[in-house]
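The structure appears below as structure tokens.
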Amino acid sequence: MALSPPGFVVMKLNDSSPRNELPKQVMLNFKPVLEYKVSVFLHNPISSSCRSLRIYKLKSSKSDSLGNMATVTAVSDSKPELESGGGDDGNGKVPPGNGGGGGGGGDSGGDADDHEEKEFGPLMKFEEVIKVAESNGVNLPEDMMEAAKATGLRKLILTRYLDLQKSGWALGFLTKNFAMLRNRLLADPSFLFKVGTEIVIDSCCATFAEVQKRGKDFWNEFELYAADLLVGIVVDIALVGMLAPYARIGKQTVASGGLFSGLKNSVAALPSSVFEFERPGCRFSAQQRLATYFYKGLLYGSVGFGCGLIGQGIANMIMNAKRRMHASEGDVRVPPLVQSALLWGVFLAVSSNTRYQIINGMESLVEASPLAKQVPVVAMAFTVGVRFANNIYGGMQFVDWARWSGVQ
């Protein structure tokens, strides 16, 4: 028994009496005090499902000895009700204790489990996972096996992986050996469609612009066009892939020790994009979403600078080689290499990062709508339309940036 000011006594009693018979009177041995209210937590060791909280009033007896006797009488003498012991799903059943994070009260765990089961299917145990995989003739990757042993796998995740392995030898090989691609396809089955849409639209727009710009010299300068096109494809894959949601399989490893362990853990906890939807086990604060914008901007800038160096370097080499062979007065000056790469880096970090973050959020909203779930072509049409408009606007904006910077 402990006295907790102001004037409350908190104690825990183990009661072996039947669940519906609360003790009417309990004798306590305590030091002389006046009158206290007592919070008594009764736990029946026979029935672990019965836990009740009762408030008792403590009255001091008139004994003058050091250890006074007191009578504890119940203020509220109602019958105890059944509780789920935390994580109740609303029907008196206790869900498995492996739900997503998020903290909070006991009900949040049950709600998270219900939501995750509704979205990704029931949690399959290791034996079930192995049985299904063997029946389909598929060997699971090592990380998925470890996750199945530790926490189990959601049915939808396993089903999508099995479908990927059956979709063709090329895609099956890539998803089996490249976890980055596999995890993105598990989280978003339309990931390859978005990447393909981005590449086709950007390549078509770039080709149209190159033909209009070069005119009759297009075939004579085809090498420059091919170099720009190749760099553009790499950039398109990076732009879509870096912001795509991905499946977080198993328990996330936490880096311990080392100079940058804290930074690695912070980065690993960030969402894939600013507007990524929260899921059980994936909760993101406003600070994390803001940090994601700058972190992805840094990645975009690095990709832009690197591709700018390679692409513009190849183009400059071809231009200089041709001018050494036959120079003409109509030749435009060779763009500066480092300045062009810096322009690409800044443009991707600021403009492209902002535009593609917004596009990602808009696509997620459309895909989550009831109409798109019933008619998937709606989401696909929206992806084509919004990415086409974005490429047109981005191309015009890059020309303006290049002129303002003096690179072109």
Side-chain angles (χ1 to χ4, degrees), residues 141 143 157 160-161 164 167-168 170-206 228-249 252 264 267-277 279 282 284 288-289 291-311 344-345 347-367 379-380 382-384 386-388 390-391 394:
D143 59 340
I157 297 296
R160 285 180 177 175
Y161 181 77
L164 289 173
S167 58
L171 187 57
F173 174 81
L174 292 174
T175 53
K176 185 175 183 179
N177 295 279
F178 296 95
M180 292 182 63
L181 174 62
R182 179 202 68 197
N183 292 341
R184 279 158 177 76
L185 285 172
L186 291 179
D188 183 9
S190 62
F191 170 70
L192 286 182
F193 173 77
K194 294 175 182 177
V195 173
T197 300
E198 188 70 29
I199 292 176
V200 171
I201 292 176
D202 186 41
S203 300
C204 291
C205 292
D228 291 342
L229 188 65
L230 181 61
V231 173
I233 292 176
V234 174
V235 171
D236 292 335
I237 296 175
L239 287 174
V240 180
M242 287 184 182
L243 298 185
Y246 58 92
R248 295 164 172 85
I249 297 177
Q252 302 300 308
K264 290 180 181 178
V267 170
L270 294 177
S272 59
S273 64
V274 173
F275 301 107
E276 181 182 1
F277 283 176
R279 301 186 304 275
C282 297
F284 309 114
Q288 286 178 311
R289 295 185 183 276
T292 297
Y293 175 81
F294 291 103
Y295 174 64
K296 297 296 182 177
L298 179 63
L299 295 181
Y300 271 17
S302 302
V303 170
F305 181 76
C307 290
L309 279 178
I310 297 173
W344 274 104
F347 182 77
L348 261 67
V350 179
S351 175
S352 298
N353 181 31
T354 303
R355 288 183 287 110
Y356 280 90
Q357 295 278 6
I358 296 173
I359 288 174
N360 229 265
M362 293 171 64
E363 286 180 335
S364 298
L365 287 174
V366 172
E367 291 168 353
M380 299 172 68
F382 178 81
T383 293
V384 173
V386 73
R387 291 187 180 273
F388 178 77
N390 173 64
N391 270 273

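Numbering of residues begins at 1 and proceeds along the displayed sequence. Quantities reported herein were computed from a predicted structural model and do not represent experimental measurements.
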Less than 4.5 Å apart, any side-chain heavy atom of [X] and any of [Y]?
X	Y	answer
F191	L181	yes
L186	L164	yes
Y293	T354	yes
L171	L192	yes
V366	V386	no
T383	S190	no
D202	F388	no

Nearest 0.5 Å, please: how far is [atom2] in [Y] from [atom1] in [X]?
X	Y	atom1	atom2	answer
M242	I237	CE	CD1	11.0 Å
T175	Y161	OG1	OH	5.5 Å
Y300	S351	OH	OG	11.0 Å
L270	F284	CG	CZ	8.5 Å

Notebook entry, point to check: Out of V200, I199, V195, which one pairs with D236 under the side chain to side chain contact (heavy atoms under 4.5 Å, CB included) rule?
Noted result: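 Only one option passes, and that is I199.
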Given 3.5 Å as the limit, does a donor-acceptor pair link the side chain of [X] with the main chain of [Y], or not?
X	Y	answer
Q357	V274	yes
Y356	L243	no
R184	G241	yes
R248	N183	no

Checklist line | Heavy atoms of other groups near F173 CZ, more than 12 under 6.0 Å | finding: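 Incorrect, the count does not exceed 12.
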Next item on the list: Look at atom CZ of F382 and say whether more than 12 heavy atoms of other residues, nucleotides or ligands are closer to it than 6.0 Å.
Entry: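 Result for CZ/F382: enclosed.
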Check: Got a sec, which residues hit ring pair (Phe, Tyr, Trp, His ring centres under 6.0 Å) with F347, two or more places apart in sequence or on another chain?
Finding: F398, W401
Exercise: identify the closest heavy-atom pair between [X] and [Y]:
X	Y	result
N353	K296	OD1-CB, 3.8 Å
S272	P245	OG-CA, 3.4 Å
R160	A187	NH1-O, 3.7 Å
V235	L348	CG1-CD2, 3.8 Å
S273	T292	C-CG2, 3.8 Å
A268	Y246	O-OH, 4.4 Å

Check: Between N391 and E198, does a side chain to side chain donor-acceptor pair (under 3.5 Å) hold up when you go through it step by step?
Finding: CA-CA 8 Å; N391 270 273; E198 188 70 29; 3.2 Å; yes
Margin query: Whether R387 and E363 form a salt bridge (side-chain N of Lys/Arg under 4.0 Å from carboxylate O of Asp/Glu) is what I want to check.
Written below: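 Judged by the 4.0 Å cut-off on N to carboxylate O distance, E363 and R387 do form a salt bridge.
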Check: Between K194 and E367, does at least one N-O distance fall below 4.0 Å, as a salt bridge requires?
Finding: yes
Next item on the list: Using the six-membered ring of F178, assess whether NZ or CZ of R182 lies under 6.0 Å from its centre and within 45 degrees of the ring axis.
Entry: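 So R182 doesn't make the cation-pi contact.
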Notebook entry, point to check: Side chains of Y295 and Q288: donor-acceptor distance under 3.5 Å anywhere?
Noted result: no
